[in-house]
Amino acid sequence: MTIEKLLYAYLFLINLLTFIAFGIDKLKAKMQTSRISEKALLLFSLTGGILGGWLAIFIFRHKIKDVSFLSKMIFVTISWLIGIIVFLP
């Protein structure tokens with residue numbers, strides 16, 4: 001398996017896990033039970049799940065009013081964009 005295929009597989013899985021984590025957190029919020037921390041959700045996004053995170057935010061309408069969290073997600077997104085521009089040929 002080539003490094004590109006491994007990278008694509010990793011990105012697919014981390015985005016899927018991020019999407020699921022946001023969905024579980026939304027469900028736990030509705031049930032008023034213990035939740036997944038914002039730090040964990042941001043870490044999922046930072047480690048490659050940024051697309052899954054944004055998709056979950058809009059599909060589940062989760063944390064859409066939390067300006068602090070959204071500003072952190074925007075920072076993570078900008079960091080990823082800078083990383084892509086700098087490190088990809």
Less than 3.5 Å apart, which donor and acceptor atoms pair up between the side chains of residues 51-62 and the rest of the protein, not counting sequence neighbours?
from	atom 1	to	atom 2	distance (Å)
Trp54	NE1	Thr77	OG1	2.7
His62	NE2	Asp25	OD2	2.6

Worksheet item: Does Tyr10 belong to the same Ile/Leu/Val/Met/Phe/Trp/Tyr cluster as Tyr8, with side-chain heavy atoms less than 4.5 Å apart forming each link?
Response: no
Discussion item. Other members of the hydrophobic cluster containing Met31, with the 4.5 Å side-chain heavy-atom rule, please.
Written reply: Leu27
Item to complete: Please identify each residue that fulfils side-chain contact (heavy atoms from CB on, under 4.5 Å) with Lys5, with sequence neighbours left out.
Response: Met1, Thr2
N/O donor-acceptor pairs under 3.5 Å from side chains in residues 40-50, not counting sequence neighbours:
from	atom 1	to	atom 2	distance (Å)
Ser45	OG	Leu41	O	3.2
Thr47	OG1	Leu43	O	3.0
Thr47	OG1	Phe44	O	3.1

Worksheet item: Who are the side-chain contact (heavy atoms from CB on, under 4.5 Å) partners of Gln32, not counting sequence neighbours?
Response: none
Item to complete: Kindly give the heavy-atom pair with the smallest separation between Lys28 and Ser34, and that separation in Å.
Response: CD-O, 2.8 Å
Worksheet item: Pairs in or reaching into residues 67-89: which pass salt bridge (Lys or Arg N to Asp or Glu O under 4.0 Å), with residues at least two apart or in two chains?
Response: none
Discussion item. Looking at every heavy atom in both Asn15 and Leu11, which two are closest together, and how far apart are they?
Written reply: ND2-O, 2.7 Å
Item to complete: Please list all pairs passing the side-chain hydrogen bond (donor to acceptor under 3.5 Å, both in side chains) test where one or both residues lie in residues 78-89, with sequence neighbours left out.
Response: none
Worksheet item: Looking at residues at least two apart in the chain, or sitting in another chain, which of them share a side chain to side chain donor-acceptor pair (under 3.5 Å) with Lys63?
Response: Glu38
Practice prompt. Is it possible for you to say whether Phe19 and Leu70 belong to one hydrophobic cluster, with membership spreading through side-chain heavy-atom contacts below 4.5 Å?
Written response: no
Discussion item. Check for me, please, whether Ile14 and Phe12 land in the same ILVMFWY cluster - side-chain distances under 4.5 Å, paths through other members count.
Written reply: yes
Discussion item. Please say yes or no: joined through hydrophobic side-chain contacts below 4.5 Å, possibly via intermediate residues, are Phe69 and Ile64 part of one cluster?
Written reply: yes
Worksheet item: With a cut-off of 6.0 Å (strictly less than), are more than 12 heavy atoms of other residues, nucleotides or ligands near CD1 of Ile3?
Response: no
Fill in: Partners passing side-chain contact (heavy atoms from CB on, under 4.5 Å) against Ile82 (at least two apart in sequence or in another chain)
Ile78, Val86
Practice prompt. Hey, could you give me the CD1/NZ distance between Ile24 and Lys26, rounded to the nearest 0.5 Å?
Written response: 14.5 Å
Worksheet entry | Joint hydrophobic cluster, Phe87 plus Ile85, side-chain heavy atoms closer than 4.5 Å | no
